[in-house]
Amino acid sequence: MSKQLITLDQVIIRFAGDSGDGMQLTGDQFTAETAAYGNDLSTMPDYPAEIRAPQGTLHGVSSFQLHFADHEVLTPGDAPNVLVAMNPAALKANIGLMGPGATLILNSDEFTKRNLEKVGYWSNPLEDGSLARYDVHAIALTSQTVDALKDFDLTRKEAERSKNMYALGLLSWLYSRPTDAARRYLEKKFAKKPEVLAANLAALEAGWSFGETTEAFSVYYEIKPSSPAPGTYRYITGNVALSYGLIAASVRSGLPLFLGSYPITPASDILHELSKHKNFGVRTFQAEDEIAGVGSAIGAAYGGMLAVTTTSGPGIALKSEAIGLAVALELPLIIVDVQRGGPSTGLPTKTEQADLLQAMYGRNGESPVPIVAAQSPADCFNAAYEAARIAVTYRTPVFLLTDGALANGAEPWLLPSIDELPPIDPAFLTEPNHEVDGTPVLWPFKRDPETLARPWIKPGTPGLTHRIGGIEKQDGTGNISYDPANHDRMVRLRDAKVQGIAREVPNLWVDDPTGDAELLVLGWGSTYGPVGAACEEVRKEGIKVAHAHIRLVHPFPADTGEVLRRYRRVLIPEMNLGQLALLIRGTYLVDAMSLNKVEGQPFKSTEIAAAIKDVLAHV
Amino acid sequence: MSKQLITLDQVIIRFAGDSGDGMQLTGDQFTAETAAYGNDLSTMPDYPAEIRAPQGTLHGVSSFQLHFADHEVLTPGDAPNVLVAMNPAALKANIGLMGPGATLILNSDEFTKRNLEKVGYWSNPLEDGSLARYDVHAIALTSQTVDALKDFDLTRKEAERSKNMYALGLLSWLYSRPTDAARRYLEKKFAKKPEVLAANLAALEAGWSFGETTEAFSVYYEIKPSSPAPGTYRYITGNVALSYGLIAASVRSGLPLFLGSYPITPASDILHELSKHKNFGVRTFQAEDEIAGVGSAIGAAYGGMLAVTTTSGPGIALKSEAIGLAVALELPLIIVDVQRGGPSTGLPTKTEQADLLQAMYGRNGESPVPIVAAQSPADCFNAAYEAARIAVTYRTPVFLLTDGALANGAEPWLLPSIDELPPIDPAFLTEPNHEVDGTPVLWPFKRDPETLARPWIKPGTPGLTHRIGGIEKQDGTGNISYDPANHDRMVRLRDAKVQGIAREVPNLWVDDPTGDAELLVLGWGSTYGPVGAACEEVRKEGIKVAHAHIRLVHPFPADTGEVLRRYRRVLIPEMNLGQLALLIRGTYLVDAMSLNKVEGQPFKSTEIAAAIKDVLAHV
Amino acid sequence: MSETFASLSLVPKTTTPLSAKDFKTDQEVRWCPGCGDYAILAAVQAFLPELGVARENITIISGIGCSSRFPYYVDTYGMHSIHGRAPAIATGLSVTRPDLSVWVVTGDGDALSIGGNHLIHAMRRNVNLKILLFNNRIYGLTKGQYSPTSEEGKITKSTPYGSLDHPFNPVSLALGVECTFVARTLDSDRKHLTETLRAAAAHEGTAIVEIMQNCDIFNDGAWAPLKDAEVRDENLIRLEHGQPIRVGASRGVFRDDRGELFIDEVTEANAAKVVIHDAHMDDPSAAFQLSRLSDPVRLSNTPVGVFRDVARPVFDRQMQAQIDEVSRKLGTGDFDRLLRSADTWEIA
Amino acid sequence: MSETFASLSLVPKTTTPLSAKDFKTDQEVRWCPGCGDYAILAAVQAFLPELGVARENITIISGIGCSSRFPYYVDTYGMHSIHGRAPAIATGLSVTRPDLSVWVVTGDGDALSIGGNHLIHAMRRNVNLKILLFNNRIYGLTKGQYSPTSEEGKITKSTPYGSLDHPFNPVSLALGVECTFVARTLDSDRKHLTETLRAAAAHEGTAIVEIMQNCDIFNDGAWAPLKDAEVRDENLIRLEHGQPIRVGASRGVFRDDRGELFIDEVTEANAAKVVIHDAHMDDPSAAFQLSRLSDPVRLSNTPVGVFRDVARPVFDRQMQAQIDEVSRKLGTGDFDRLLRSADTWEIA
Ligand SMILES: Cc1ncc(C[n+]2csc(CCOP(=O)(O)OP(=O)(O)O)c2C)c(N)n1
Ligand SMILES: Cc1ncc(C[n+]2csc(CCOP(=O)(O)OP(=O)(O)O)c2C)c(N)n1
Ligand code: SF4
Ligand code: SF4
Ligand SMILES: [Mg+2]
Ligand SMILES: [Mg+2]
């Protein structure tokens, strides 16, 4: 049968199934193929907080969304074009996302009465006409897989497990993806289980062949590679990119990396990743709790390491007293907060941006800390590197904010060259830095006149023994001081040091193609993708809109006020109730409007586009 | 010898000595006399962080300042009129505060070469003319005391200990104070040590007689009683007033009081005070740390108690994760933060207002909490009562902010009548509150339509068993819910509940006698005294200025924006770097100016008066 | 069983007999298929009616972890709190509400990693809590990092080259802080588990029960030597108060001259010398010695049952007594008198 | 003494001999007159030269409390950190800097109340720390609340009617978590204190030394029965490895048939049966048993000296070894190779 090949410019696919169906794996592999093929892409996994929620229930649905295109991709996409649903629960949980005409590939084997009733389908949607608006392909994925593997020495249950590979094969055919990457992955994973390997490869093959031969599909698609900047690419998630950024900073600065951490979703994968790289001299320490995580990092920083602690919101709350100590000690320290839905335990596996003000103010006293925010999965690399650079240069704890969507999301990444990264100079003090009556002495709190940074002194350095602590210190000598004027001076000096970073960082990033937009959409962190996509969307309709994005959230880039005043209106979309908005309004007295979404889900670009139009309609 | 009696309208006395000299006691007793005499007054102790810093050193100086007058007193006063210095260190540490012409009463016995050199006096100020600008009375307080007690069976060292009572006697004479209160105090304290009692009474007597007979003093003073509202008064510190406010709320609501706390300066005295009142059914629990302090309070709140946790800034940092849980559980809880100098350990015995934004934002996720701030020592009673009322009414954790100056400062207090305090109604739910298909059921998160408060249900109530937790809950049922739209709704509901409190609290308190001032000075917390005094001061010069003071800092009183817009200029004095200012600016887009002092010391009214004039000079 | 527990003397009795079914909630149980937590849940639901108290006077407080989802599934009052803090929260509840039977459900990470401090303080204070520690030697909910009870060299997500930490022995730890009731049991042995729950419930004060629990997904078989029918009897030592301590079919625990314990075949000649278990000794040393018998890796010679069960004043009782005592001495609080407890003066 | 400690094998040696004076700083010591902390400071300053290592390779980390002011007074590197966290901070330093001799100074509140969790985890991990726990059975710095080592019924500012908590026995606690070196000594016994410091310094891994310290102001005389010349010898049990355990002039520690310890007059007949102290036993049970001898209130039969001193892999060594091992296997990290460790593709 000859099939028609249709060329598309972009596709959004959503794989969904039970937690145990291996949908994350299927998505990952399809993504790897797609990345290797040269499309730009962006992904978003979405899984339940339970390890294995009860089979076949709505709670147990795990899904993975992939957006790929022949042009630059900014988000995992709003409305998927294709849904692969391995059971009725997966259909029910996701159908609301699908636009009319979307393709549904449904595993008909699982649409039994029992499974349907479990999720409240009182009639079978495959039969009752309720899916008429969609292009439905009901395929017996499970039994076809079992059938394809009948020659293998496997129980039915074992054979069924490969149904995700069967689906992968089918989808790979449908979108003309090479399957080499998936094969390589399987070969590696099942190197020690040749039987399982063979079965999985066979299932993959069978899925592909099924697509090619069945009459169910009369067309198939190709999406041409995008043409990004030349170079070597790989596909990377935010948490891995962040880990690599830290290792890069360690390599470039010559400072051994130390991570003190306590597992917590969605930050744990940074601990997992870094623990693999002991051959870089990376020391990972799984502490007894978050307080010990940051405490050990402070000890390591005092010892002259590039010290890091990673966690999510509730962990930051616990670390806050110790972060205050790091502020008082003026030691380099990187604090990673992979934000998730709050308050309290909240929505642990979902995304949110509601820890910004916690990072700013979640400590007793005046306790200023720079804050860097990553804006895409691959950008976590740059953000981590920049956080390390600021921490070391200014001898200060630095917050690095990412979120659940960035952490688990993934995109292609143009590999950097380590030598081209900006230098990081630990510049340890090795000699006395002051004179008193002609005698050289150490003043551990004598500041660099430019950066206001104090010296970093490694224990073991002869002649520089000294003591530091959390009580207020005399300017210069660092001795305990209860002097009122000195306290006021130190409070202002610590603040000025952090504010001073604005001097040397780049100006606010602004994208205003026509230069005469009336509305500025101001974002930070992971809204970068949806805001960018929304702006592109509305610009296609001739609407003029500018997009500015804040990477260094504290202090703001020096020209922020000036940029803001250039626009009649400012709109700030945030996955919180208006945290950046408060800071912008309070700092610049600009009547910025908020667009807030606190659903544990990233913005859709259409939501932002609608808000843009709405604002402009009222200018 | 006949002496001249001069009538003054107010006096500021500062007692200073070594930590071991008993200056806090002397100050307290003089204050008690003064209060009983009917003057209005305000006090401020100031002591080192060390228990007993080395004798005779600057670090070891402990002082106590008292301001009393025949009219209303708002602050402990700026420049003292009289300094009693028990040693050279006390002189050196305090002389900078004294205006020209001030009276210095110095214990000449201690002005030995060794003691002088210890604090860096290379010549004796009693002799070198450096104190010429002052009215100096060098008196051998120590040896005169020993002399007065020579008939007692005491060692010299023991006798010397009474020198503070000798000084008290002298000062009591000088300002025509009755000594009955001091006598009563001594009789109670030394009831079991008649010898010591007799010696102290004799020293007190001797000090008084010395004043009467010596030629050193040719004048003595009286300050007429002030004429406050009629009623019964006592003298009270902020920490005791706060404790009483909590007990009052317990008595009035019928809810037994539970305090879970961990000692920390300057909050510990609340724990100490409450632990005395077990006959009110008060349960105090000294926990293993701050987390257990708040944790146990959450447990008690769940059990239906009026639950409280008390601490200072570093302790709040530690409690922040658990406070987030209380927000999610929507249980009544009072969190007291007696603010002190930060960041980190900072200046533990000094005052500051730098935890406001920590209270607002120091938790992960959107986690709104009402904040009540006390504005004078006695006002801590009202503030505590109001915090309890809001907590119970709205089923929410409430922050109560005081500070070191309020906690240890004291003033006369018109005793309230418990029956006139506003009612607090626990209104426990005892029956199902919802119907599903005609069956009565419990919906633990069904809200009161007015307050948006959820029901409070005591374990032990039949038929209402239910489970609550920190994961996001379904609106109404309270069951775990990961539904995106529900999360957004719950985030906004929790916020709306807290914002809604603004509806039922009084308008912003404004003092604008002429009604046409151009400048509004906006304060919160303990700046009430110095701002008020500064306004009175400048008004005497014909300057028009208004004073507004925020008692409920979150949410702001409903008319706050309107009030702010009535004035051309707004000045916000804070003992931080502008925390209320950020909130006011961000909320109302009013270009409020900040006056910041972060010295661990309260504002002087003169500092605020100067700022007022400065601002008005530039309007 | 309607016999009442002396330990629950302050808790209102139920008038209607309850069954396991009465303790089930309408919430779907969301553990992985095969998880040991199911067996524990079933055992607890079946046991609770025995308490003879009203459902509404039982409260279960948990932390965070797979195990800590427990309260959602038991139809009593309950709180799923935050990681590690359940003992602190439960302490506040226990000391204010002696009329409740308060249970804590926690995991090895929740109780011994982040929550270690609250746990040891609750135990030293003898707070009236029954603490069920589900020990699966792994962090389940966060998908498989090693825990403070994982064996040395454990390969997990966070330790791809093996963990370095020496694990806690939860029983030794509890005895080191003089917990008044310390026991250990298994998820899979319903009878032993129920008996242990019964003994814990009967104890006045803190009772800690380590439940060796299987995590099917991330640490399957962690307790296999104590569960597999073929080998378990040779590895388990079932402690029973007043009984000789036997190991497997033929061996027993003996004490040598230096006071050390050793295990040997029991013969007619030495049968009388087998150590007799005494759970009621005030000195926790003997119980401690028993806790050292097991090999943390091979799990041979692992005692289960009640190691220690002694009486000591109970925290909530003490606090109530102090309130009663002070009220008796000073009279019930009178607010107006309190206000006037310092010098006062009148302004007319 | 210039003999070096095996435990300090990775720490650079000093070439110039040092004296106590070299360890004094220019900061004024700010404890109350008569505070036991002075004696401990003097003993430590006098002892440190013995280590034979350079001053700059010693670091002292403390928490918050009177005792925690200690680092300011010793001219080495040091950090006065936050309440209870010194063991955690010191762990980060120790595992990254095996070339330092790391000491922790802490109080009974700092270590056992707020810091209990970090302390027990450091001990189980055998982090290379020498922990000096100044136990004055009170919170000094916050002016006298009871602490987790205060005796029951203690009247303090926060417990005007007497405390209710049962105290920790720090030695039992440490043994319960299998700390590899556990000792107890007195501020006032300079010789014993110095010997104990020496033994702790020689130990590889965590060494905890409980120092019974007098707080002149808020808990004066707390240890009087162990310090007053007239009675102390009858109350103290001076443990020495390999020596019979004697109590006072005439008594000794014996073991009965059930393995329990008891104290009796030593006669010629029973002299051979006096228990011999063995600090090197792998099983902590015997040491635990000794820790139970003392009466927490009267302080009779209080053992001092080294309870336990055994070898176990040390955390910083293990971590370094793992890094070396992995580097050997995989080759030293190459960043470019790391980037390319996943599938890559080229865009021309
Ligand atoms: C403050 C905080 N830190 C970390 C976490 C993440 N976390 C949740 S459960 C858990 C450990 C669970 O292990 P365990 O207590 O053994 O329970 P299990 O899942 O094995 O039953 C961790 C680290 C959290 N929820 N909160
Ligand atoms: C987070 C925090 N909580 C409480 C305090 C107050 N605080 C300081 S020291 C201390 C206890 C001191 O007792 P201990 O550790 O025994 O030391 P000591 O003063 O007796 O030497 C407390 C509660 C603090 N500084 N930080
Ligand atoms: S992850 Fe393990 S402990 Fe958690 S529910 Fe699954 S099997 Fe049970
Ligand atoms: S309060 Fe006690 S422990 Fe603190 S310095 Fe004074 S005597 Fe020493
Ligand atoms: Mg576990
Ligand atoms: Mg102490």
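Throughout, a chain's letter reflects where its sequence line sits, starting with A, and its residues are numbered from 1. Bear in mind the structure is a predicted one, so any value in this text is a computation, not a measurement. Values below: every heavy atom of this structure, side chains too, minus hydrogens, waters and symmetry copies.
- Options C/Ala286, C/Pro148, C/Gly162 differ in how many heavy-atom pairs under 4.5 Å they form with chain D, and the most are formed by C/Pro148.
- Heavy-atom minimum distance, C/Pro167 versus D/Glu178: O-OE2, 4.2 Å.
- Within the 4.5 angstrom heavy-atom criterion, atoms from both the backbone and the side chain of C/Gln289 approach chain D.
- Interface summary for chain D: among C/Ala321, C/Ser291, C/Ser113, the most heavy-atom pairs under 4.5 angstrom belong to C/Ser113.
- Residues D/Arg124 and C/Asp165 are in side-chain contact: their nearest non-hydrogen atoms beyond the backbone lie under 4.5 Å apart.
- Nearest heavy-atom pair across C/Asn117 and D/Leu112 is OD1-O, 4.2 Å.
- Using a 4.5 Å cut-off between heavy atoms, C/Glu260 touches chain D through its side chain atoms alone.
- C/Gln322 touches chain D through its side chain: at least one heavy atom from C-beta onward sits under 4.5 Å away, while N, CA, C and O do not.
- Under the 4.5 Å side-chain criterion, counting only non-hydrogen atoms from C-beta, C/Phe168 is in contact with D/His121.
- Here the closest non-hydrogen pair linking D/Phe288 and C/Leu175 is CZ-O, 3.7 Å.
- Heavy atoms of D/Ile114 lying under 4.5 Å from chain C belong exclusively to its backbone.
- The shortest heavy-atom contact between C/Ser172 and D/Gly176 is CB-O, 3.5 Å.
- Contacts between C/Asp257 and chain D at a heavy-atom distance below 4.5 Å involve the backbone alone (N, CA, C, O).
- Neither the backbone nor the side chain of C/Leu261 comes within less than 4.5 Å of any heavy atom of chain D.
- By the 4.5 Å heavy-atom criterion applied to side chains, D/His166 and C/Asn126 are not counted as neighbours.
- Across all non-hydrogen atoms, the minimal contact from C/Gly259 to D/Arg255 is CA-CD, 3.4 Å.
- For C/Arg312, the part sitting under 4.5 Å from any heavy atom of chain D is the side chain, from C-beta outward, and nothing else.
- Of the two parts of C/Met123, neither the backbone nor the side chain holds a non-hydrogen atom closer than 4.5 Å to a non-hydrogen atom of chain D.
- D/Ile120 contributes atom CD1, which lies 4.5 Å from atom CD1 of C/Ile120 (distance to the nearest 0.5 angstrom).
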